[in-house]
Amino acid sequence: MKLFLDSANLKEIDEAVSWGAIDGVTTNPTLVAKEGREFVPLMKEICERVNGPVSMETVSRDAAGMIEEGRAFAALHQHIVVKCPLTKEGLKATRQLSHEGIRVNVTLCFSPNQALLAAKAGAYFVSPFVGRLDDLSQDGMLLIQDIKTIYANYRFATQILVASVRHPIHVAEAAKIGADIATMPFAVLEMLVKHPLTDAGLERFLSDWERLPPEAKQWKASAAAAPRGKAGIRASR
Ligand code: E4P
């Protein structure tokens, strides 16, 4: 399963990229507004930092407006995927933009039938919002399972991008179901790394290392100081 970062914050994006952890980025007007930056330059900067799809959301209510925005967004950078909402107008725009070869992420999906319509319109991604369903006491992950079954039954190529992820269990469940992608805030990505037994185990190993005879520490110091070869590998002593 691919992991996307749900953020428009460049520091968060740089950090996640440095872990080799993310395959793309999703944004929405709420996330962009938090950054207090001009929309288009910020989106271009995000595209330059990430080697993968970057979702950029249209803000028109009618199909004509979404199509116009979608064409302009797609021309900004090859990584851009245009986000259209799951409305009648959004489906019209998805159909047209997809015909033109522009990738569309159909967002704000809350039911299996909506996901079916997104796939028929030619969506590249569909974004079911699991956290917002959970907020209404509906199990968001059941929707992911339903979409997975429907898309497999009819061999739709639309990729399932699990969105509105709130915690690591959403991510693990999405992976078990076989969703294509999960997009998550930076705080959730950090939670995927953490485990108290990892931290406790590391502390124990490092304190035991301190009890080794002095030769071990000398070796460590000389290994760190040794010149590096072309591939960055230090010569052995
Ligand atoms: C991503 O594409 C969505 O816009 C995002 O995941 C929504 O998350 P939220 O429900 O936490 O706002």
Side-chain angles (χ1 to χ4, degrees), residues 1-10 12-13 16 21-35 37 39 42-43 46-47 49-50 52-61 66 69-70 73-74 76-77 79-87 89-91 93-94 97 102-111 114-115 117-119 121 123-144 147 158-175 177 179-192:
M1 184 173 71
K2 290 185 176 164
L3 303 181
F4 285 4
L5 193 66
D6 199 22
S7 173
N9 183 281
L10 296 177
E12 290 179 351
I13 292 168
I22 58 160
D23 305 291
V25 165
T26 48
T27 68
N28 61 35
T30 310
L31 294 170
V32 173
K34 273 192 207 164
E35 299 309 310
R37 292 266 320 264
F39 186 36
L42 176 61
M43 293 308 303
I46 294 173
C47 287
R49 288 165 141 85
V50 180
V54 175
S55 291
M56 185 172 181
E57 190 149 346
T58 55
V59 287
S60 296
R61 289 185 187 274
M66 289 179 214
E69 285 174 48
F73 290 173
L76 291 176
H77 199 282
H79 290 164
I80 293 288
V81 175
V82 177
K83 261 178 148 183
C84 294
L86 219 158
T87 59
E89 294 300 301
L91 290 172
T94 299
L97 291 169
I102 294 172
R103 297 177 298 176
V104 179
N105 174 357
V106 175
T107 189
L108 291 164
C109 173
F110 293 97
S111 79
Q114 285 185 318
L117 292 171
Y124 186 70
F125 296 141
V126 66
S127 288
F129 279 32
V130 293
R132 293 192 195 186
L133 281 171
D134 290 356
D135 292 344
L136 299 183
S137 304
Q138 291 182 33
D139 185 347
M141 295 318 296
L142 286 181
L143 173 60
I144 306 304
I147 300 173
T158 303
Q159 296 175 54
I160 304 169
L161 195 173
V162 180
S164 189
V165 161
R166 302 275 163 82
H167 48 69
I169 296 174
H170 277 151
V171 181
E173 290 296 320
I177 291 168
D180 299 283
I181 306 146
T183 188
M184 68 209 71
F186 186 73
V188 175
L189 189 67
E190 275 188 311
M191 287 182 215
L192 302 191

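As the structure lists them, so they are numbered: ligands from 1, and atoms in each ligand from 1.
Counting only residues at least two apart or in different chains, salt bridge (Lys or Arg N to Asp or Glu O under 4.0 Å) contacts with residues 161-175 comprise Asp135-Arg166, Glu173-Lys176.
With a 4.5 Å cut-off on side-chain heavy atoms, Ser55 and Val25 do not count as touching. You'll find the side chain of Leu189 reaches within 4.5 Å of the side chain of Leu5, heavy atoms only.
Ring orientation note: the planes of His170 and His167 are close to parallel, at an angle under 30° on the 30°/60° scale.
Judged purely by distance below 3.5 Å, without hydrogens or angles, the side chains of Ser127 and Thr107 never pair a donor atom with an acceptor atom.
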Write 'none' if nothing qualifies; otherwise put on separate lines each N/O atom of ligand 1 with a protein N/O atom under 3.5 Å away and their distance to 0.1 Å.
| residue | atom | partner | partner atom | Å |
| --- | --- | --- | --- | --- |
| ligand 1 | 2 (O) | Lys83 | NZ | 2.7 |
| ligand 1 | 4 (O) | Asn28 | ND2 | 2.7 |
| ligand 1 | 4 (O) | Lys83 | NZ | 3.3 |
| ligand 1 | 6 (O) | Asp6 | OD2 | 2.6 |
| ligand 1 | 6 (O) | Ser164 | N | 2.8 |
| ligand 1 | 10 (O) | Arg132 | NE | 2.6 |
| ligand 1 | 10 (O) | Arg132 | NH2 | 3.4 |
| ligand 1 | 10 (O) | Ser164 | OG | 2.7 |
| ligand 1 | 10 (O) | Arg166 | NH2 | 3.1 |
| ligand 1 | 12 (O) | Arg132 | NH2 | 2.8 |

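Evaluated for a side-chain contact (heavy atoms from CB on, under 4.5 Å) with Leu161, the options Thr183, Val106, Val81 yield exactly one hit, Thr183.
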